[in-house]
Amino acid sequence: MPVFSSVSRLAAMALAAALLAAPARAGTLYDDLGGRAGVQRIADGMLQRALSDPRIKDKFQDADIERLQGLLMLDFCKLAGGPCRYPGRDMATAHADLNLAPRHFNAIVEDLQDSMQAEGIPFRTQNRLLALLAPMHRDIVAPPGAKPEATP
Ligand code: HEM
């Protein structure tokens, strides 16, 4: 009996340890980016870099930067699997009047990479966020010569 109970206690402890460790090991991207505070710093870092990036800063001339700052963080949080609701406009609508080309998109992605690098985010984790943003390209970048409204 003592053998059995110590074995089952060990089993219970192992199970508890596994359950406790599971969320950390499974790690949503949101967790791996440092949770809310980490995602906020990454989004802020990207925006600050974009605002002084000679390749794209003019595009932000008429934007409400404080609002954009809040929405960017919520967008990244939700995309990364965090507990956030994104209340902003969809990507196509938000960027429709900006006439963005692939080079603008690439510039902001570089600014995001620099921001994540500065936060010490490992490349593998950086790439997980970039992979989620890549499909937005088709909504954000205007087809050359096409009116955004004409895009289905
Ligand atoms: C993966 C790339 C991008 C993401 C995830 C992203 C995300 C966002 C989000 C969440 C908003 C707020 C939507 C709203 O206003 O309701 C927004 C707006 C905006 N974005 Fe982007 N964006 C991206 C690329 C770009 C690029 C390449 C530029 C310009 C170079 C840009 C310039 C702007 C501007 C100026 C606004 C504000 C528009 C306005 O206030 O009317 N974005 N973006």
Side-chain angles (χ1 to χ4, degrees), residues 13-152:
M13 284 166 65
L15 181 63
L19 287 174
L20 281 174
R25 239 187 297 133
T28 60
L29 177 56
Y30 174 76
D31 294 329
D32 292 348
L33 293 172
R36 193 176 177 97
V39 170
Q40 181 81 70
R41 285 194 303 271
I42 289 164
D44 289 355
M46 174 179 111
L47 185 57
Q48 288 319 313
R49 283 168 174 80
L51 292 176
S52 57
D53 185 333
R55 298 171 294 178
I56 51 176
K57 64 178 181 186
D58 293 352
K59 297 286 183 185
F60 294 87
Q61 229 161 250
D62 302 326
D64 177 344
I65 300 302
E66 237 173 82
R67 176 174 173 278
L68 180 53
Q69 187 181 11
L71 288 174
L72 257 185
M73 137 71 183
L74 292 171
D75 191 23
F76 285 1
C77 171
K78 183 157 182 270
L79 270 173
C84 301
R85 194 180 67 86
Y86 169 71
R89 294 175 292 172
D90 65 74
M91 290 297 105
T93 308
H95 299 92
D97 297 333
L98 296 170
N99 198 23
L100 297 176
R103 67 177 189 282
H104 300 122
F105 189 87
N106 294 340
I108 215 164
V109 168
E110 275 178 33
D111 292 337
L112 172 59
Q113 287 176 303
D114 289 348
S115 174
M116 289 194 284
Q117 194 65 27
E119 288 297 322
I121 304 295
F123 278 121
R124 208 171 46 83
T125 308
Q126 294 187 22
N127 288 338
R128 283 160 70 202
L129 181 59
L130 297 177
L132 295 173
L133 297 178
M136 294 180 174
H137 186 274
R138 63 168 175 262
D139 288 332
I140 290 175
V141 170
K147 283 201 169 77
E149 295 88 328
T151 312

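Every number for a ligand or one of its atoms is a count from 1 in the order of the listing. Owing to the predicted nature of the structure, the values given are computational and were not obtained by experimental measurement.
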F60: partners by side chain to side chain contact (heavy atoms under 4.5 Å, CB included), with sequence neighbours left out:
L47, A50, L51, I56, I65, L68, I108
Rounded to the nearest 0.5 Å, the CD1 atom of I42 sits from the CG atom of L129 at a distance of 7.0 Å
Could you pull out the closest heavy-atom pair between L33 and A80, with the gap in Å?
CD1-CB, 4.1 Å
Any idea which atoms of ligand 1 are less than 4.0 Å away from a heavy-atom of M136?
5 (C)
Near I56 (heavy-atom distance under 4.0 Å), the atoms of ligand 1 are 30 (C)
Please list the nearest protein heavy atom to atom 28 (C) of ligand 1 with its residue and the distance rounded to 0.1 Å.
L100 CD1, 3.6 Å
I'd like to check which ligand 1 atoms, numbered from 1 as shown, lie under 4.0 Å from a non-hydrogen atom of F105.
1 (C), 2 (C), 27 (C)
Numbering the atoms of ligand 1 from 1, which are under 4.0 Å from a heavy atom of Y86?
10 (C), 12 (C), 13 (C)
Does any non-hydrogen side-chain atom of L132 lie less than 4.5 Å from one of F76?
no
I121 vs T125, test: side-chain contact (heavy atoms from CB on, under 4.5 Å). Steps then yes/no.
CA-CA 6 Å; I121 304 295; T125 308; 3.6 Å; yes
For the side chain of H95 and the backbone of A92, is there at least one donor-acceptor N/O pair under 3.5 Å apart?
no
Which heavy atom of the protein is the closest neighbour of atom 35 (C) of ligand 1, given with residue, atom name and distance?
K59 O, 3.3 Å
Could you check M73 against V39 for side-chain contact (heavy atoms from CB on, under 4.5 Å), going step by step and ending with a plain yes or no?
CA-CA 6 Å; M73 137 71 183; V39 170; 3.8 Å; yes
Which residue pairs pass the salt bridge (charged side-chain N to carboxylate O under 4.0 Å, His left out) test with at least one member in residues 35-48, sequence neighbours excluded?
R41-E119
Report the nearest protein non-hydrogen atom to atom 37 (C) of ligand 1: residue, atom name, distance rounded to 0.1 Å.
A63 CB, 3.9 Å
Looking at G88, which atoms of ligand 1 are within less than 4.0 Å of one of its heavy atoms?
16 (O)
Counting no waters, how many protein N/O/S atoms sit under 2.8 Å from atom 21 (Fe) of ligand 1?
1
Candidates Q61, R89, H104; heavy atom nearest atom 27 (C) of ligand 1 found on H104
How would you list all residue pairs meeting side chain to side chain donor-acceptor pair (under 3.5 Å) that involve residues 52-63, not counting sequence neighbours?
D53-R55, R55-E110
Can you check whether Q40 reaches L74 side chain to side chain, under 4.5 Å on heavy atoms?
no
Assess the residue pair Q126 and Q117 against the criterion (side chain to side chain donor-acceptor pair (under 3.5 Å)); give the C-alpha distance rounded to whole Å, side-chain angles, the decisive distance to 0.1 Å, and a yes or no.
CA-CA 8 Å; Q126 294 187 22; Q117 194 65 27; 2.8 Å; yes
Going by heavy atoms, is R67 under 4.0 Å from ligand 1?
yes
